[in-house]
Amino acid sequence: MEKLKIAGAWSGVLELELQVWTVSMLREEVAKRASCGPESINLIWSGKLLKDENLKLIELGIKNNGKVLATRVCSDQGKSLKEEFMAEEERSSRLARVKAAAIALSKRHAAGSLPVEDFNIELEDQSGQKVHLGSETDQRAVMMGLMLHANAKQMIKKENYKDALEVLSMGEEAFSLCNPKVIELVDNVPILQIDMVWCYFMLRDIRWLSEAGIRLAKAREGIERSHGKDASRVRVLQNGRYPELALHLRLELLEGVVSFHSGQFEKSKKVLTSAQAKYFQLQVPDEALSLLMSMGYKERNSKRALRMSNQQLDLAIDFLVEEKAKKEKKREEDIQRRNEIMEQKRYGMTPLRKAVDLQSLHMLVSIGFEKELAAEALRRNENDTQKALDDLTNPETNSAIQLDIESRKRKRQRQANEAAIEELISMGFERSEVVTAVQTFGTKEQALNALLGTAKTNPTAPDDSNVIPSGSMPDEASLGSWSEVGDAGGSSSAKKGEERDLEMEDELAEDLRNGDAFSDYDMEVTKEGEAINEYLTLLASADQSEKASSSR
């Protein structure tokens with residue numbers, strides 16, 4: 001049994017087992033002796049408020065004959081605790097939403113399903129080329145891991161390290177679902193490990209020490225595997241640039257911190273000195289920065305280019321030119337992909353709810369088949385090109401497909417007309433006049449213009465002030481595409497029944513859109529520089545103390 005000294009709301013000595021007793025057990029015991037409820041007692045040790053009720057005292061570093069301060073919570077503090085609890089509930093709910101949205105997005109975009117958005121999430125390498133990693137399960141796992149990692153990095157930028165750590169853990173779990181051989185040559189997982197340890201460090205939590213050492217060892221091994229020995233592979237891929245320098249600086253800083261707290265002072269000094277050299281290497285010269293800014297480049301982009309290029313001005317200019325060209329190309333590709341998605345929505349979904357494969361469609365069109373006919377053949381046959389070709393070259397099935405297409409067109413037109421009629425009637429027009437106008441003019445806008453023209457010469461027609469302007473009506477093209485998708489593949493009913501967290505999905509998608517191939521390497525190193533100086537000072541102090549002790 002160990003002893004623990006308590007002061008404050010109740011003063012005395014408790015005999016207990018530090019390896020068994022939790023914060024909750026200690027709070028209840030102190031509250032019992034202070035004749036109040038546990039919710040009225042705050043426990044403070046080593047300047048920290050003890051909040052984790054299930055954490056054992058030994059895990060907090062509390063030792064035999066340690067001293068804990070117990071303070072009584074006033075009514076306002078009780079209210080504050082309640083608010084804190086509610087905030088924690090809200091935080092947990094938000095984190096659950098992040099995970100659910102990442103699962104939903106990765107499931108849709110890795111499966112080849114018909115996009116419900118106007119974009120596709122696709123995996124790219126650092127040169128911007130599309131890549132397919134392993135099976136559909138692997139694709140989903142990597143997509144989910146990348147989405148969660150990108151979201152966590154935004155939290156790190158906002159210094160919300162606690163939530164970032166939770167989301168990074170989710171990302172780590174997602175990556176673990178992927179075949180290790182599929183991702184062993186990419187550095188996303190090692191970078192995630194470094195980001196997790198960075199969060200440990202910024203939270204200054206004593207519990208992370210042993211786990212941090214293991215994570216950093218895995219990160220270094222993974223980076224060397226993907227970057228090559230002495231970053232040789234990166235140097236070749238990046239045409240002599242040094243994009244990984246800041247990442248290695250952070251890795252060495254964290255290794256130095258772990259070594260210091262583990263009593264390995266020599267190792268700590270070695271890696272921290274190396275990290276400090278990289279920190280100086282990353283400082284941007286004012287002259288070079290001014291020159292790039294005088295050429296019209298923004299300060300942030302100029303600093304980034306110089307850091308990535310090891311302060312070599314010619315390489316930095318090349319980097320800026322290339323990045324501008326990449327952004328323009330990406331913009332054009334995004335426009336093209338949005339147009340392709342709209343086209344895919346017109347063709348509907350396959351029986352297994354996949355989008356019509358445009359590459360197969362273009363191949364069939366190139367050999368002479370009408371586009372809409374070829375798309376329907378592919379849709380019916382789950383994008384199996386040979387089966388679609390068999391149907392198209394068989395006169396009987398070809399004729400049946402054409403009849404089906406014409407039937408759906410008539411059905412869509414009928415549904416559009418009925419919807420237009422009901423909407424125009426809701427504006428106050430007579431049903432018979434509306435039906436005649438829609439049948440005569442074909443579209444809602446033209447029918448409305450005709451009815452308004454009639455209304456101006458008809459004294460019994462409703463006043464113009466009650467008519468909704470055409471500019472405030474729902475977009476007709478959008479309505480048409482939804483209807484078309486539903487008729488062809490049953491998509492409309494699926495969308496109605498699908499529960500989606502649009503706000504969170506948009507947030508995750510925005511995090512990805514704002515990133516690029518260098519986002520993982522593009523970091524300000526101010527905090528790293530301060531930490532390096534702090535620990536080198538501590539090492540120097542420890543060294544002086546050791547020398548003083550040995551001279552006595």
Take V68 and I44 through the test side-chain contact (heavy atoms from CB on, under 4.5 Å) and record every step on the way to the result.
CA-CA 6 Å; V68 173; I44 300 170; 6.0 Å; no
Pairing residues for N179 by the side-chain hydrogen bond (donor to acceptor under 3.5 Å, both in side chains) criterion, not counting sequence neighbours
none
Which residues share a salt bridge (charged side-chain N to carboxylate O under 4.0 Å, His left out) with E28, sequence neighbours left out:
none
Tell me every residue that passes side-chain contact (heavy atoms from CB on, under 4.5 Å) with D286, counting only those two or more places apart in sequence or in another chain.
none
Under 3.5 Å, side-chain donor or acceptor atoms of residues 249-256 against the rest of the protein: list the pairs with distances, not counting sequence neighbours.
residue: R250; atom: NE; partner: E528; partner atom: OE2; Å: 2.9
residue: R250; atom: NH1; partner: D195; partner atom: OD1; Å: 3.4
residue: R250; atom: NH2; partner: E528; partner atom: OE2; Å: 2.8
residue: E252; atom: OE1; partner: S274; partner atom: OG; Å: 2.8
residue: E252; atom: OE1; partner: A275; partner atom: N; Å: 3.1
residue: E252; atom: OE1; partner: K278; partner atom: NZ; Å: 3.4
residue: E252; atom: OE2; partner: S274; partner atom: OG; Å: 3.2
residue: E252; atom: OE2; partner: K278; partner atom: NZ; Å: 3.1
residue: E255; atom: OE1; partner: R220; partner atom: NH2; Å: 2.9
residue: E255; atom: OE2; partner: R220; partner atom: NE; Å: 2.7

Output all residues satisfying side-chain hydrogen bond (donor to acceptor under 3.5 Å, both in side chains) with R307, sequence neighbours left out; order by chain, then residue number.
D522
Donor-acceptor under 3.5 Å (T22 side chain, M25 main chain)
yes
Those residues at least two apart in sequence (or on a different chain) that pass salt bridge (charged side-chain N to carboxylate O under 4.0 Å, His left out) with D501 are R97
Residues in side-chain hydrogen bond (donor to acceptor under 3.5 Å, both in side chains) with Q264, at least two apart?
none
Expected list for residues 314-325: side-chain donor-acceptor pairs under 3.5 angstrom, two or more places apart:
residue: E322; atom: OE1; partner: R241; partner atom: NH1; Å: 3.4
residue: E322; atom: OE1; partner: R241; partner atom: NH2; Å: 3.2
residue: E322; atom: OE2; partner: R241; partner atom: NH2; Å: 3.1

Residues at least two apart in sequence or cross-chain that pass ring pair (Phe, Tyr, Trp, His ring centres under 6.0 Å) with H248, listed by chain then number, are none
According to ring pair (Phe, Tyr, Trp, His ring centres under 6.0 Å), who are the partners of Y535, at least two apart in sequence or on a separate chain?
F260, H261
Please enumerate all residues that pass side-chain hydrogen bond (donor to acceptor under 3.5 Å, both in side chains) together with E15, with sequence neighbours excluded.
none
Sorted by chain and residue number, the salt bridge (charged side-chain N to carboxylate O under 4.0 Å, His left out) partners of K303 (sequence neighbours excluded) come out as E299
